[in-house]
Protein chains: 2
Amino acid sequence: MQPLRKAIRDMAGYVPGFQPPDNEPWIKLNTNENPYPPSPQVRAALLAEIGAEGENLRKYPDPGSKTMRQVAAELYGFDPSWVITANGSDELLNNLIRAFAGEGEEVAYIHPSYSYYATLAEIQGAKIRTFGLTEDFRIKDFPARFEGKIFFLTSPNAPLGFAFPLAYIEEIAQRCAGMLVIDEAYVDFADFTAMALVKKYANVVVTRTFSKSYSLAGMRLGLAVTRPEVVAALDKIRDHYHLDRLALVAGRAALSDQAHLTATVAKIRATRERFVAGLKEIGYTLIESRSNFVFASPPDGNGKRVYDALFARKILVRYFSDPLLAHGMRITIGTDAEMETTLQALGEIG
Amino acid sequence: MQPLRKAIRDMAGYVPGFQPPDNEPWIKLNTNENPYPPSPQVRAALLAEIGAEGENLRKYPDPGSKTMRQVAAELYGFDPSWVITANGSDELLNNLIRAFAGEGEEVAYIHPSYSYYATLAEIQGAKIRTFGLTEDFRIKDFPARFEGKIFFLTSPNAPLGFAFPLAYIEEIAQRCAGMLVIDEAYVDFADFTAMALVKKYANVVVTRTFSKSYSLAGMRLGLAVTRPEVVAALDKIRDHYHLDRLALVAGRAALSDQAHLTATVAKIRATRERFVAGLKEIGYTLIESRSNFVFASPPDGNGKRVYDALFARKILVRYFSDPLLAHGMRITIGTDAEMETTLQALGEIG
């Protein structure tokens, strides 16, 4: 037998949302992908990098992602030393735990939010603590001084979709003795960002992903904005060539085309509002969404029943068996046509 | 101040080989890249996946890399459950340490070999032990029973280029109480592989990279062959979407074109033999190479002098200040034209 670490032997591993084969005719509303293609500049940048013979691919990429960091830094108004790019924001969450929490040290997050935090903490052998939510979406029993090494605050929250008010996030930053990681995967669909807190508090990290608003889930890109000393620590931990050449040019091109981002996000938000209105009409209960998905509950509070009925019609949404979430489903906002079909199906399913 | 783990605060971080800008006219023989482009099938697969609008990029990749693992498994004669793919073999080395070595537990490797093992062990807070080499390239003072959690055996060795005989590697596998990771980054340039040992010994892992023989350093691809229970552990630890869509199709296409691999490797080996003969003529000492590089020492044993003189001529090779290596340089095998220019320069430098 191989001498596996106990933490690894005991853990279950994370199970990502179901991915049907690309060529099957599902309406896929289960993993919060963007229904629109990325900026045309992304494709152009990829073709340029691939070139006539794939010649550039034989050479290592820039280990420091210098150009992409510069573009991001300029966009967000920081010096490049405050920015780190990554192979998806998951890589950042992973490396933040490795930077700050040793075996047996405490990592915390809100339940419900992104359960992958727990998986990452388990790999490290860190201690996991979760905080619940009050009825009005504040953190239940958060201590006056939280002494854990990292607190992950997903805002906007997934799978519920609401965002914490900025003043409240700032208060949480002040109450954390360790790091506050604000996971802003969905923030481009909201009206405000907590990024300004990075300048104000040395313990704040804001993470972003390109998987949602930038339509690049298939490219695995993310970034974080935080103090240079935290960036330096994350730079030590990451694989030295973590981003391949194509990801680097795709990320840079996507960041450079803010007009495409704004237009895509506006379309999705408009579709969201129409879908929400339609759901309310058929008696669904909804949490106000600041994301590219909604958390919606049918009148009988039986999420599984509706999930199964949609599945039978090849409409894929996300159902969570957790008692806190089983009364509803998380439904990604797709195209107008997809949401109309879904709404009609839900009307029939009841 | 941020509460960084001591291991991270204390470590220096890995410094990869210098990468001059793509458009500068260097002869770049410092990071063991392949001088030839990847298989034309790689480019074709990339263009097909990008499509007319980059439409596929908005969707998550296959988290299990199923097709690529199948192609690799068939190629090497294993069941797919014995294969894991990765974002460069560096990701595998990293996750192997996380799977087997906790804080304070022992990880070992040969010095000189790939110093990144030490960086990865430092991140984990593992204890590092190194073994030297005897005059005839065997491991110095390797215990009858090595009780450490992982032993990394780079074969062919970098930066020296020699390969351990298979019977000797098998003996080492038997003497390891923990895992033996055989890092075969350069094996396609040698005459034999240790992969058969994976079937025979539960503690053996063989890792491969696409960065050298497959000309895909820019795409970050690697794989490992090992027992299904080790694959399962590594699958728990890796990011669930670690490989992007383009890397997945590039890797699959590269593995599928073995004719291109064979032809490219044959060209590089032929160039290597010509370069070696030329170096010997001008009085250089060489270690017999099974790799796409040579370790070569000038008559005066002053590697730095020659490195600097080559650098001044825009020829980039790798010099290591380590006393064990300072008498020579590691020189990647480029095209015939590049090696002729380099040989002529070395003849002039003396």
Side-chain angles (χ1 to χ4, degrees), chain A residues 1-5 8 11 13-14 16 19 22 31 33-34 36-38 42-43 46 50 53-63 87-88 90-91 94 98-100 102-103 123 125 149 178-179 202-203 215-220 229-230 233 235-237 239-242 244-247, chain B residues 1-5 8 11 13-14 16 19 22 31 33-34 36-38 42-43 46 50 53-63 87-88 90-91 94 98-100 102-103 123 125 149 178-179 202-203 215-220 229-230 233 235-237 239-242 244-247:
Chain A
M1 217 189 74
Q2 302 89 359
L4 278 177
R5 282 174 60 218
I8 304 302
M11 66 180 277
Y14 181 79
Q19 295 286 1
D22 283 348
T31 51
E33 286 146 337
N34 194 312
Y36 303 109
V42 168
R43 182 172 179 275
L46 289 171
I50 294 169
E53 280 197 297
E55 154 71 14
N56 274 344
L57 304 182
R58 70 174 187 82
K59 290 179 289 182
Y60 282 101
D62 169 17
N87 190 35
D90 288 339
E91 188 202 334
N94 191 357
R98 300 196 80 183
F100 292 104
E103 289 187 30
I123 295 169
K149 295 296 181 182
M179 303 301 291
N203 66 335
S215 306
L216 287 175
M219 284 309 293
R220 318 305 309 127
E229 53 271 31
V230 180
D235 269 330
K236 287 183 190 175
I237 296 172
D239 275 355
H240 41 291
Y241 295 116
H242 59 159
D244 66 53
R245 281 178 170 265
L246 300 183
Chain B
M1 218 189 75
Q2 302 88 0
L4 278 177
R5 283 173 59 219
I8 304 301
M11 66 182 278
Y14 181 80
Q19 295 285 1
D22 284 348
T31 52
E33 286 147 335
N34 194 312
Y36 303 108
V42 168
R43 182 171 179 275
L46 289 170
I50 293 168
E53 279 197 300
E55 154 73 14
N56 275 344
L57 304 183
R58 70 175 187 81
K59 291 180 289 182
Y60 283 101
D62 168 17
N87 191 35
D90 288 339
E91 187 202 336
N94 191 357
R98 300 196 80 183
F100 293 104
E103 289 186 29
I123 295 169
K149 295 296 181 182
M179 303 301 291
N203 66 335
S215 306
L216 286 174
M219 285 308 293
R220 316 307 308 129
E229 54 271 31
V230 180
D235 268 330
K236 286 184 192 174
I237 296 172
D239 274 355
H240 42 291
Y241 295 116
H242 57 159
D244 68 52
R245 282 178 169 265
L246 300 184

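Reminder, nothing fancy here: chain letters follow the sequence lines and each chain counts from 1.
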Checklist entry - Which residues satisfy the ring pair (Phe, Tyr, Trp, His ring centres under 6.0 Å) test with B:Tyr241, sequence neighbours excluded? => result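 Ring pair (Phe, Tyr, Trp, His ring centres under 6.0 Å) check on B:Tyr241 returns B:Tyr60.
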
Next on the checklist: Among residues at least two apart in sequence or on other chains, which ones pass ring pair (Phe, Tyr, Trp, His ring centres under 6.0 Å) with B:Tyr36?
Outcome noted: none

Should [X] and [Y] count as side-chain neighbours, where that means a heavy-atom distance under 4.5 Å?
{"X": "A:Ile123", "Y": "B:Arg98", "answer": "yes"}
{"X": "A:Val42", "Y": "B:Ile50", "answer": "no"}
{"X": "B:Val230", "Y": "A:Leu4", "answer": "no"}

Checklist entry - Does B:Arg58 reach the main-chain N or O of A:Gly218 with its side chain, forming a donor-acceptor pair under 3.5 Å? => result no

Item to check | B:Lys236 (side chain) donor-acceptor with A:Tyr14 (main chain) under 3.5 angstrom | outcome: no

Top of [options] for chain B proximity - count of heavy-atom pairs under 4.5 angstrom:
{"options": "A:Ser215, A:Pro63, A:Gly13", "answer": "A:Ser215"}
{"options": "A:Gly125, A:Gly178, A:Gly88, A:Ala233", "answer": "A:Ala233"}
{"options": "A:Pro16, A:Gly54, A:Ala99, A:Ala247", "answer": "A:Ala99"}

Chain A interface, residue from [options] that has the most non-hydrogen pairs under 4.5 Å:
{"options": "B:Glu229, B:Glu55, B:Arg43", "result": "B:Arg43"}
{"options": "B:Met11, B:Glu53, B:His240, B:Glu33", "result": "B:His240"}
{"options": "B:Asp235, B:Leu216, B:Asn56", "result": "B:Leu216"}

Next on the checklist: Using side-chain contact (heavy atoms from CB on, under 4.5 Å), reason through B:Arg245 and A:Leu246 one step at a time and then give a plain yes or no.
Outcome noted: CA-CA 11 Å; B:Arg245 282 178 169 265; A:Leu246 300 183; over 6 Å; no

Next on the checklist: Please classify the contact between B:Asn87 and chain A as side chain, backbone, both or neither, with a heavy-atom cut-off of under 4.5 Å.
Outcome noted: both

Checklist entry - Given that the side chain runs from C-beta out, which part of B:Glu103 has a heavy atom under 4.5 Å from chain A: side chain, backbone, both or neither? => result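 For B:Glu103, heavy atoms of backbone and side chain both lie under 4.5 Å from chain A.
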
Checklist entry - Got a second to check how far A:Ile237's CD1 is from B:Arg5's CZ, nearest 0.5 Å? => result 7.0 Å

Next on the checklist: Rounded to the nearest 0.5 Å, what separates atom CE in B:Met219 from atom CG in A:Leu57?
Outcome noted: 6.5 Å

Next on the checklist: Given heavy-atom pairs under 4.5 angstrom as the criterion, report whether the side chain, backbone, both or neither of A:Asp239 touches chain B.
Outcome noted: both

Checklist entry - Should B:Met179 and A:Gln2 be marked as a side-chain contact (heavy atoms from CB on, under 4.5 Å) after you check the CA-CA gap, both sets of side-chain angles, and the distance that decides it? => result CA-CA 7 Å; B:Met179 303 301 291; A:Gln2 302 89 359; 3.6 Å; yes

Next on the checklist: Restricting to non-hydrogen atoms, name the atom on B:Pro61 and the atom on A:Gln19 that form the minimum distance, rounded to 0.1 Å.
Outcome noted: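 Shortest heavy-atom contact: O-CG, 4.3 Å.
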
